Amino acid sequence: MNVLVINAGSSSLKYRLLNVERQEVLAKGICERVGSQEAFHKHGLDDNERVIDAQMADHDEAMALVLESLTHGPTAAVSSLDEIDAIGHRIVQGGKYFDRSVLIDDDVIAKIDELAELAPLHNGAALMGIRACQKHMPGKPMVAVFDTSFFQTLPPKAYMYPLPYELYEKYAIRKYGAHGTSHRYISERAASFLDEPLEDLKLITCHIGNGCSMSAIDHGVAVDTSMGLTPLDGLMMGTRCGAIDPAIVPFVMEHENLTGAEVNDLMNKKSGLLGISGISNDLRSVREASENGDERAMLAYDMYSNSIKKYIGQYIAVMGGVDAIVLTAGVGENCDKMRRMIFSGLQPLGIKIDLEKNKERGGERLISTDDSEVQIMIIPTDEEYMIARDTFDIVHEKIGVEGGVFVD
């Protein structure tokens with residue numbers, strides 16, 4: 001089965017076409033700066049990738065361009081849209097409604113729209129992607145895969161906030177988490193790598209990039225995660241502040257004469273690595289500046305690593321121990337210096353990083369010492385594959401397939 005995976009952002013449309021049975025990527029690309037004069041389309045695999053300036057007024061035009069590239073020209077992956085069997089959509093916020101991926105229908109669309117208040121930049125964009133697919137590929141089965149569904153197993157003591165209970169009853173204010181598809185993937189791959197049943201392991205999973213989140217996975221079940229009602233909570237990130245004293249918000253609003261929207265923008269887009277370093281939200285640029293003696297860059301680097309280290313301690317306490325710590329995403333997979341700083345000083349907890357292994361790059365690998373009681377491992381994430389796999393499973397279960405044609 002060929003599944004088209006769509007990840008729609010407010011001004012972007014990222015996609016990947018996969019054959020699920022063969023676990024083969026047939027095509028991938030992204031439409032960037034949708035709606036602006038600087039819009040462009042990147043399409044193709046590896047050496048065949050092409051970047052084309054292309055006007056796209058909205059996601060509808062972007063989707064038309066994607067489908068044209070998939071079926072025509074030198075980088076075509078299929079001969080017609082009939083060879084695309086189903087579509088999987090990444091949805092950030094599933095709220096209390098969805099504890100698993102689901103076949104998209106009118107009710108699902110209405111709930112995604114209702115939940116847009118909790119993820120205004122993401123759910124609204126996802127709906128644009130869904131509607132564009134409905135227009136250009138009518139009748140094609142579509143599946144919604146939610147970033148939050150993996151964390152619906154959290155116990156109330158982990159997902160509730162110590163606010164008046166009436167606020168939870170009225171507005172469903174609780175921890176939902178994010179990056180759940182990534183945490184689910186790397187936990188499964190970690191268990192396979194260790195040749196142990198996932199149900200026998202206590203794992204701390206770390207998705208560390210421009211956006212950062214960590215999860216405690218106890219015998220295959222997520223019991224805590226760092227992101228909260230929104231992706232702003234938890235770890236220090238590229239431009240997000242993460243967890244701070246809540247009283248800072250009204251203080252800054254009053255003294256800087258900011259509106260709620262403006263202080264929200266400050267915390268989401270102007271804080272984190274960017275806010276502390278004053279240089280960039282990209283850890284590579286901050287690292288270079290820190291190594292050249294920039295004191296604010298050095299401080300940002302220290303704060304970023306310390307934020308992660310503290311959550312490791314929390315989650316060891318929550319689960320009463322840990323068997324393996326798994327890192328993924330841009331920083332987790334690629335930055336040896338940050339990994340070294342995170343695990344420095346954790347030897348008394350049985351966590352020992354091998355400095356030579358830590359310098360190696362690429363693929364699934366252990367970076368802990370041979371005598372470390374806790375395994376430290378790197379697993380490159382693959383959210384698109386998880387979305388495609390869920391789409392494959394749900395379409396087969398709900399609709400069925402005969403000779404490449406879906407039948408009720």
Side-chain angles (χ1 to χ4, degrees), residues 9-12 32-33 38 121-122 178-179 182 205-214 225-228 230-314 325 327-346 353 355 358-359 361 367 378 381:
S10 57
S11 61
S12 65
E32 288 271 33
R33 301 176 185 172
E38 294 79 34
L121 295 179
H122 299 95
H179 293 150
S182 177
T205 52
C206 312
H207 182 109
I208 309 172
N210 186 51
C212 304
S213 64
M214 291 173 59
T225 192
S226 59
M227 286 180 167
T230 74
L232 180 61
D233 195 12
L235 301 166
M236 176 180 174
M237 308 178 213
T239 62
R240 297 184 185 124
C241 60
I244 59 173
D245 179 350
I248 293 171
V249 176
F251 182 92
V252 171
M253 289 177 69
E254 179 180 347
H255 285 76
E256 292 291 317
N257 195 28
L258 300 179
T259 65
E262 287 170 337
V263 77
N264 188 58
D265 186 69
L266 180 147
M267 293 186 296
N268 273 285
K269 298 180 181 179
K270 300 175 182 178
S271 299
L273 285 172
L274 174 63
I276 296 297
S277 72
I279 294 169
S280 176
N281 65 306
D282 190 318
L283 190 72
R284 291 168 294 189
S285 298
V286 177
R287 174 176 179 170
E288 181 179 357
S290 71
E291 291 172 348
N292 287 328
D294 187 291
E295 291 187 1
R296 283 178 57 180
M298 288 189 280
L299 174 61
Y301 224 89
D302 284 342
M303 289 174 65
Y304 189 97
S305 64
N306 194 54
S307 174
I308 297 164
K309 186 181 302 226
K310 288 192 292 186
Y311 268 92
I312 290 173
Q314 287 183 43
I325 300 172
L327 300 100
T328 197
V331 176
E333 293 174 34
N334 299 309
C335 188
D336 61 315
K337 180 179 179 180
M338 182 56 66
R339 293 193 298 260
R340 188 174 70 248
M341 293 175 68
I342 290 168
F343 295 109
S344 174
L346 298 186
I353 189 170
L355 297 181
N358 185 46
K359 295 176 183 177
R361 298 181 67 87
I367 58 170
I378 297 172
T381 194

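Keep in mind it's a predicted model, so treat the numbers as computed, not measured.
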Within the structure provided, determine whether Met214 and Ile312 are in side-chain contact (heavy-atom separation under 4.5 Å).
yes

Beyond-backbone contact of Cys206 with Ile325, side-chain heavy atoms, under 4.5 angstrom
yes

Would you give the length of the straight line joining atom CG of Leu355 to atom CZ of Arg340, rounded to the nearest 0.5 angstrom?
7.0 Å

Within the distance-only criterion (no hydrogens, no angle test), does the side chain of Asn264 pair as donor or acceptor with the backbone N or O of Gly260 below 3.5 angstrom?
no

Is the closest side-chain heavy-atom distance between Tyr301 and Cys335 below 4.5 Å?
yes

Mind checking the NZ-OG spacing from Lys310 to Ser305? Nearest 0.5 Å is all I need.
10.5 Å

Kindly give the heavy-atom pair with the smallest separation between Ala289 and Ile279, and that separation in Å.
CB-CD1, 3.3 Å

Atom CG in Asn306, atom CG in Leu235: separation rounded to 0.5 Å?
11.0 Å

With rounding to the nearest 0.5 Å, note down the distance linking OG in Ser271 to CG in Asn281.
11.5 Å

Are side-chain heavy atoms of Met341 and Asp302 found at a separation under 4.5 Å?
yes

Quick check for you: to the nearest 0.5 Å, what is the distance between Glu262 atom CD and Lys270 atom NZ?
8.0 Å

Mind checking whether Ser226 and Gln314 have side chains closer than 4.5 Å, heavy atoms only?
no

Quick check: closest heavy atoms across Met298 and Gly293, and the distance to 0.1 Å?
CE-O, 3.5 Å

More than 12 foreign heavy atoms under 6.0 Å from CD of Glu288: is that the case here?
no

side-chain contact (heavy atoms from CB on, under 4.5 Å) for Glu291 and Lys337? Distances and angles first, verdict last.
CA-CA 11 Å; Glu291 291 172 348; Lys337 180 179 179 180; 3.6 Å; yes

Check against side-chain contact (heavy atoms from CB on, under 4.5 Å), Ser280 and Leu273:
CA-CA 7 Å; Ser280 176; Leu273 285 172; over 6 Å; no

For Glu38, enumerate each residue passing the side chain to side chain contact (heavy atoms under 4.5 Å, CB included) test, keeping only those at least two apart in sequence or located in another chain.
Arg33, Ser36

State whether the side chain of Thr328 and the backbone N or O of Thr381 hold a donor-acceptor pair below 3.5 Å, judged by distance alone.
yes

Flag side-chain contact, heavy atom, 4.5 Å: Met227 against Arg240
yes

Is there a donor-acceptor pair closer than 3.5 Å between any side-chain N or O of Arg287 and the backbone N or O of Ala297?
no

With a 4.5 Å limit on heavy-atom distance, are the side chains of Tyr304 and Ile208 in contact?
yes

Residues, nucleotides or ligands: over 12 heavy atoms within 6.0 Å of Asp245 CG
yes

Please name the pair of heavy atoms, one in Val331 and one in Arg339, separated by the smallest distance, quoted to 0.1 Å.
O-NH1, 4.3 Å

Quick one: closest heavy-atom pair of Ala178 and Ser213, and the distance?
O-OG, 3.9 Å

Ignoring hydrogens, what is the shortest heavy-atom contact between Ala243 and Asp233? Give both atom names and the distance.
CB-OD1, 3.6 Å

Is the backbone N or O of Asp336 less than 3.5 Å from a side-chain atom of Asn358, with the two atoms forming a donor-acceptor pair by type?
yes

Minimum heavy-atom separation for Met236 to Cys212, with atom names?
O-SG, 3.7 Å

From Thr239 OG1 over to Asp265 CG, what is the distance, rounded to the nearest 0.5 angstrom?
9.5 Å

Any sub-3.5 Å donor-acceptor pair from Lys309's side-chain atoms to Leu346's backbone N or O?
no

Determine, step by step, whether Ile244 and Met267 satisfy the side-chain contact (heavy atoms from CB on, under 4.5 Å) criterion, reporting the C-alpha distance in whole Å, the side-chain angles of both residues, the deciding distance to 0.1 Å, and the verdict.
CA-CA 10 Å; Ile244 59 173; Met267 293 186 296; 4.0 Å; yes

